[in-house]
Amino acid sequence: MRESHTNNPIDERCKAAGISRRELCRQAKLSYRTVESWCAGHRKSPDVYQLWRVARVLGCQIEDLLDPERIADDASETE
């Protein structure tokens, strides 16, 4: 099955690192569905510890994995 990639920080970092989502999941010890849900925007509040593991694999900070537009949209919904 071919991986569907959207324009999001996790996929961008994977591309820059030259690894697939599946390889990211393997190294970060996360399920593929979890990462797929984040990338598709279905899971809006990832666990910070899981994000930390992804950031370690990708060599970046947790903040680099967050989509600022999605955060702004979520914040405006709660106001």
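All values reported here derive from a predicted model rather than from experimental measurement.
Atoms CG and CD, on D64 and E12 in that order, are 11.0 Å from each other to the nearest 0.5 Å. Remark: L51 CG to R56 CZ distance equals 14.0 Å, nearest 0.5 Å. Within the model, atoms CD of E36 and CZ of R22 stand 8.0 Å from one another, a figure rounded to the nearest 0.5 Å. To the nearest 0.5 Å, the span separating SG on C39 from OH on Y32 amounts to 8.0 Å.
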Distance-only donor-acceptor hits, side chain of residues 24-31, under 3.5 Å, sequence neighbours excluded:
residue : atom : partner : partner atom : Å
R26     : NE   : E23     : OE1          : 3.1
R26     : NE   : E23     : OE2          : 3.3
R26     : NH2  : E23     : OE2          : 2.6
Q27     : NE2  : E23     : OE2          : 2.7
S31     : OG   : T34     : N            : 3.1
S31     : OG   : T34     : OG1          : 2.8

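Contact between I10 and L58 at its shortest, heavy atoms only, is O-CD1, 4.3 Å. The two residues C60 and L65 come nearest to each other via the heavy atoms SG-CD2, 3.7 Å. Considering all non-hydrogen atoms of both residues, A55 and I62 come closest at CB-N, 4.0 Å.
Two residues are said to be in side-chain contact when any heavy atoms from C-beta on lie closer than 4.5 Å; W38 and N8 fail this criterion.
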